[in-house]
Amino acid sequence: MAPGPDPNSVGDGAKRDEATTKVPSKDPKKKDDKKEEDLSEEDLQLKQNLELYVERVQDPNPELQKAALESMRQEIRASTSSMTSVPKPLKFLRPHYGTLKEFHKNMAESDLKKLLADILSVLALTMSAEGERESLGYRLTGSEGDIGSWGHEYVRNLAGEIAEEYTVRQGEESSIEDLMDLVQQIVAFHMKHNAETEAVDLLMDVEDLDLLLEHVDRTNFRRTCNYLTSAAKYLPGPDDMLVLDIAYMIYIKFEEYPNALQIALFLDNMQYVKQVFTSCTDLLRKKQFCYMISRHGITFELDPEMVENDVDREMLQDIVNNTKLSEGYLTLARDIEVMEAKTPEDIYKAHLLDGRASSGPSADSARQNLAATFVNAFVNAGFGQDKLMTVPSDSTSGSAGNWLFKNKEHGKTSAAASLGMILLWDVDAGLTHLDKYFHTNDNPIIAGALLGVGIVNCGIKNDCDPALALLGEYIDKEDSSVRIGAIMGLGIAYAGSQNDQIKSSLSPILNDAKAPLDVIAFAALSLGMIYVGSCNEEVAQSIIFALMDRSEAELGEALTRFLPLGLGLLYLGKQESVEATAEVSKTFNEKIRKYCDMTLLSCAYAGTGNVLKVQDLLAQCGEHLEKGDNHQGPAVLGLAMVAMSEELGLDMAIRSLERVLQYGEQNVRRAVPLALGLLCISNPKVTVMDTLSRLSHDTDSEVAMSAIISLGLIGAGTNNARIAGMLRNLSSYYYKDASLLFCVRIAQGLVHMGKGLLTLSPFHSERLLLSPTALAGIVTLLHACLDMKSIILGKYHYVLYFLVLAMQPRMMLTVDENLKPISVPVRVGQAVDVVGQAGRPKTITGFQTHSTPVLLAAGERAELATDKYIPLSPILEGFIILKENPDYREE
Amino acid sequence: MLTVSVKWQKKVFEGIEIDVTLPPYVFKAQLYDLTGVPPERQKIMVKGGLLKDDADWSAIGVKDGQKLMMMGTADEIVKAPEKAIVFAEDLPEEEQATNLGYSAGLVNLGNTCYMNSTVQCLKSVPELKSALSNYSLAGRSNDVDQTSHMLTVATRELFGDLDRSVNAVSPTQFWMTLRKKFPQFSQLQNGMHMQQDAEECWTQLLYTLSQSLKAPASSEDSDAVKALFGVNLRSRVHCQESGEESSETESVYSLKCHISHEVNHLHEGLKHGLKGELEKTSPALGRTAVYLKESLIDSLPRYLTVQFVRFFWKRETNQKAKILRKVDYPLELDIFDLCSEDLRKKLEAPRQKLRDEEGKKLGLQPKSSSKDIDVKMTDAEAPSSNEGGESSTAGQQEGASSSSEKGTHMTGIYDLVTVLTHKGRSADSGHYVAWVKQESGKWIQYDDSHPSIQREEDITKLSGGGDWHMAYIIMYKARFVSM
């Protein structure tokens, strides 16, 4: 391992210092000559003294030698406090380094020799040539005294040399025991002196992070772990897991369970999650853990070992199952006063466009009504009321029925399903509303109702499993639209649940020779979602067989892309685990082989920030292909998926995409806006916004469509006025082109999603955790957008509802010990990166004080503005339980 | 016997007893009593699916105290509306076109923008369209020559095509017949057809139509085109030298707006245009003398066409040069003061009515009773004046279109409906574009094959004074008031 793989590591910094201090040594003579003339009297005195010591050291008399060495040590120690310039004693001793070295070599073994070695070790700090590691060498032969006595710079330099030495010895496979002793000392020294980052760097270099556990204490464990978790993002291969493991152990050691849980979730290690529950005894804190798990969107069963009391367990399980999400969201909505339902016209704001859309077309346009259906669904998502679908049905079968029938054929599916979106997370009310649609004999409506049931149950688990009970009945119906409705509903409702029962009913469809392609495609996709990131062999096999059974013609269909995607989702974020399947995919028909390869690669490394994979994918994008190859689309999306996890990589990816846009082929260009949309999802960065705005007027209509949808994605749930304005102008620009106008409408709906209370970002907990189901939902939509014309603009527009998997309130809601919402003042501001900074820096900047519940925008962080309560989790997002502060005194 | 609780909507029914020996249908009947949901519409979730009516309780494995969930409503089932909804996408192409709110553009066949813009402007006159549709192929009267007939038919066809099509129409047939009828439009330059003066095209086309649309065997009054566009002018010709004075009447299809240094506004230009000098032989003096001619409008057309006299023949350059001067024109034109005394009288009553109506709209209800009386008095006057003029004005109005209601009166107030603009420095070059107001109130710019929506403010900005499009021929539509 190369020393200092981390560009930020202090090891590197130390080396740089060392290099600069060495510069004068290149021509010491000349400099010294000049200096000698203008030395102050004091310095002259010092110089003469030192020269005298050097002479005396070479004196045969051991007494005199010793005295001289002691004095020399005195002089050096007294001056090594700062390294802004080379300390004078070291400077004056420079001409004598060679002599002393020579003398040391010939000295007999004795205490004095060790003493001299100590001094030489310090002198080597500025004088030894690079790569010689003399400082370390002399240190090892020296007297092994207190390492800190020579100052920080010396220790830092030593740490750097140890790392180098370690690499060399690893190569030679020689013993490293003597080094480890030194490492122990150095780490102890660093940890005591607020230099946790350096300690961690050294230990990472010598691959012995376990040592850290002995040295952390209550005062520095937080900073240490902070550094560990953020460094993990930049580490290759298994090292990052190792680092996080250590961080987890430290957190557990200091009973910082919420953080430990966070890391356990990041590692996707259920054993660790369980350990958090068993180690913690406080019920209230466990409730907080449950909220964190529910936000992550994984299925998790509590067992008696974790929570003994049955009643308590049931209550905690309810939290994990997200049953209270709807309530909390509505609390937020009421507090912000946005309960009033909005119509699509409220979103389009046609009156702001000068006179253009004043007189609408006389007849209903099915396409525009469909767009309005989606806009209505997105905007009123989760509010339980709207002005099209849920209007009280007192006026003869209700205007709800009327709006439903204002959609054409397959449009009715999306319209019925939009009810599910409006009543999102409210299972009881949702099922009540959807029930009546089950009794019609209009197949698209039934399909929509089924899908709606799935959407209502998205992220919510219920003991009675209503979704499974209802949808299970329809999986094998005759009509393929009904089947797709049921299958997709199951996929959405049970994403990430790894439910065996569903697997046994969906898998046979995949290998049913009679099943139509679209049913098979959606079955594969749903299985991929249900088993997302599970690496489940059986499911993988089924999908692989299904892919092999496709005829040449079927492989050319747009929907076939969902088969490789379903397969890819199984390995979402699982890195190397995908390799076996990737090998198998090489045997596929060449029409789909590359597409599959790219999809698998991008899914497996999604959210890892793996630079090598980014390069692989970029290389794919750079090729100029024959017509008909379509794998570059997923490659571009893959680029975004891999790079999206951390800020630096994200910025680099955005820049790379600019290049790709300029030099890439048309099919690459079409995917670029989508990739940008994924990178900045629900995070409207101005630069990206401008790029997309430019592309939305592209001469290639598909590029323009992707760009428009992406504008919606980056602004999703933000109500961003600038994007809203852009889209409004686009709506008048494209008023004649029905397809583009449809895209503009969808984007408008996305921007105002949940009236601005929702986010699509799959990242949460200060961008550390990536919710696999959320990412799966977004990626599915993006893949569908690669062939906009045949999927979203065709009859499969309901794939837009896959976004529901990523929809989460971007709120911070504080609750008391009885889980009742309470309002407390909080400061909300831009998050500041405090990793590795000295002291106790402020974590937010430019803050404003609000009362909870509050909305958190991308990159914002909240902190409590009162001492009256103590939050049970340090990450103030989502539901936060507050405990009264026993030490609080009213002023 | 088991006791379970059932959750339905937001309610929970506690302590419902299940007799496991009876089929689940009995249980559903119990729930029917509680919820009012008929058993066939009840969906009860149990492990592994829905509870079937004839299932075996022991196989389902319901435990004592278990919570069951029931779904179902007694609501009415959604029914499709009896009248199927018609979607724009299902409509045949021609209806989609009307759906768009404006008709298609015309393909430029090579410097034919003068013709395209003329056609687009004239097409916006519905009365002309209906007159054309009444024109039958066979109904050619003897006094119409073959080419005029063909041009009329071609115009009718072209108007029809434009209404039906969504995409730009190619006016090939029309162009051929136009060139046949008026060979001057076939002028070639470098092998290309030359740009022509739109005004010439407009005038010639209207003239042809007026000839062919004359209803056979009927009086002069039934000339549809004349009824629509014709302006009767009564002129007083006065010779200053001799003091002779005579009056003559003439009928023109458009008013001219002369542009001189003093003219800044359409109104001034019109006034200017109605005054003129002419030289003719004076019978009194026995030689040619300068006569002053002052014209006033004697009858109003439904569509008032105004031509800006922007081009004049420049001998030096041998081309029609253009006056770029900015001349404002209003969206609403009142030509009352250009009318003759007789006409003014006739207009007074309708104008009063119009003012009242507008006043009402603005919330200025007639406050005092005296105003009411005022109105009544003018009302009383109106019929008498109307009778007098029936033969000339009213007769023309009615003749123009049989659909026009009785009792509607001209007010002398006109609304702008089309603007034909020219961009460029001479009439035979540059580019012509038509700007047409639709019935919906939207303005559409027809730039050959590209119709696009414009704002009303932008229409008034076509008044010239730069190199932007500037109005050349504008057309106003009369505002009527019913009495």
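Just so we're clear, the structure is a prediction, and the values are computed from it rather than from any experiment. Within every chain, numbering begins at 1; the chains are lettered A, B, ... in the order of the sequence lines, protein sequences first and strands thereafter.
For the pair A:Asp426 (side chain) and A:Gly430 (backbone), a donor-acceptor distance under 3.5 Å is absent. Remark: the backbone N or O of B:Lys28 is paired with a side-chain donor or acceptor of B:Gln42 at under 3.5 angstrom.
Between B:Arg479 and B:Asp415 there is a salt bridge, since at least one side-chain N of the basic residue sits less than 4.0 Å from a carboxylate O of the acidic one.
At a 4.5 Å heavy-atom cutoff, the contact between A:Asn369 and chain B is made by side-chain atoms alone. Of the atoms belonging to A:Asn441, not a single heavy atom falls under 4.5 Å from chain B. Heavy atoms closer than 4.5 Å to chain A are found in the backbone of B:Leu68, but not in its side chain.
Among A:Asn462, A:Thr432, A:Thr440, the residue with the largest count of heavy-atom pairs under 4.5 Å with chain B is A:Thr432.
When A:Asp465, A:Asn457, A:Asn499 are each tested for a side chain to side chain donor-acceptor pair (under 3.5 Å) with A:Tyr494, only one passes: A:Asp465.
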